[in-house]
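Shown next, in structure tokens, is the structure this report addresses.
Counting from 1, the numbers follow the sequence of the chain as shown.
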Amino acid sequence: MEHDLVGKKHVFDDGASIEVVQIKMRDNSFEPAPVVTYVIQNGRSLPRKLVLPLKDFIDTFGHLFEE
């Protein structure tokens with residue numbers, strides 16, 4: 001499921017959006033884990049690129065990308 005998220009975008013009623021850019025393995029700890037790079041944009045503001053562990057991303061935003 002996680003790679004199905006790449007390229008998906010959710011637009012809220014107010015025009016704000018969240019889009020998944022990539023998912024890759026990050027090995028900077030004792031245990032490698034996948035991380036999600038995503039972009040959030042509110043209206044006409046500059047987009048913000050953020051990175052979050054996959055599990056945290058799914059727990060927080062997963063419901064937005066369910067079909």
Side-chain angles (χ1 to χ4, degrees):
M1 175 193 164
E2 52 262 1
H3 293 293
D4 294 342
L5 291 173
V6 176
K8 295 249 177 150
K9 182 175 186 176
H10 178 81
V11 180
F12 296 91
D13 293 338
D14 65 355
S17 65
I18 179 170
E19 181 176 7
V20 178
V21 177
Q22 73 177 2
I23 298 174
K24 68 179 192 176
M25 292 300 289
R26 176 76 43 100
D27 187 16
N28 61 350
S29 62
F30 294 108
E31 191 171 319
V35 294
V36 178
T37 302
Y38 61 103
V39 174
I40 292 181
Q41 186 165 9
N42 295 317
R44 298 178 66 180
S45 67
L46 292 173
R48 293 182 298 152
K49 187 184 286 186
L50 304 164
V51 177
L52 199 59
L54 179 61
K55 182 187 179 327
D56 295 340
F57 182 86
I58 300 245
D59 290 347
T60 306
F61 302 113
H63 66 284
L64 299 174
F65 299 98
E66 291 176 350
E67 294 183 9

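Put simply, CD on Glu19 and CZ on Phe65 are 8.5 Å apart, with the number rounded to the nearest 0.5 Å. Here Met25 contributes atom CE and Leu54 contributes atom CG; the two are 9.5 Å apart, rounded to the nearest 0.5 Å. Going from atom CZ of Phe61 over to atom CD1 of Ile40 covers 4.5 Å, rounded to the nearest 0.5 Å. Between the NE2 atom of His10 and the CD atom of Glu66 there is a distance of 11.5 Å, given to the nearest 0.5 Å. Atoms CD1 and CG, on Ile23 and Leu52 in that order, are 11.0 Å from each other to the nearest 0.5 Å.
At least one side-chain heavy atom of Phe12 sits under 4.5 Å from a side-chain heavy atom of Leu64. Contact annotation: the side chain of Leu5 approaches that of Phe57 to within less than 4.5 Å [non-hydrogen atoms, C-beta and beyond].
Sorted by first then second residue, the side chain to side chain donor-acceptor pair (under 3.5 Å) pairs that include residues 41-61, not counting sequence neighbours, are Lys55-Asp59.
With hydrophobic clusters built from ILVMFWY side chains whose heavy atoms lie under 4.5 angstrom apart, Val35 does not share a cluster with Val6. Residue Ile18 is grouped with residue Leu50 when hydrophobic side chains (ILVMFWY) are merged at heavy-atom distances under 4.5 angstrom, including chains of intermediate members.
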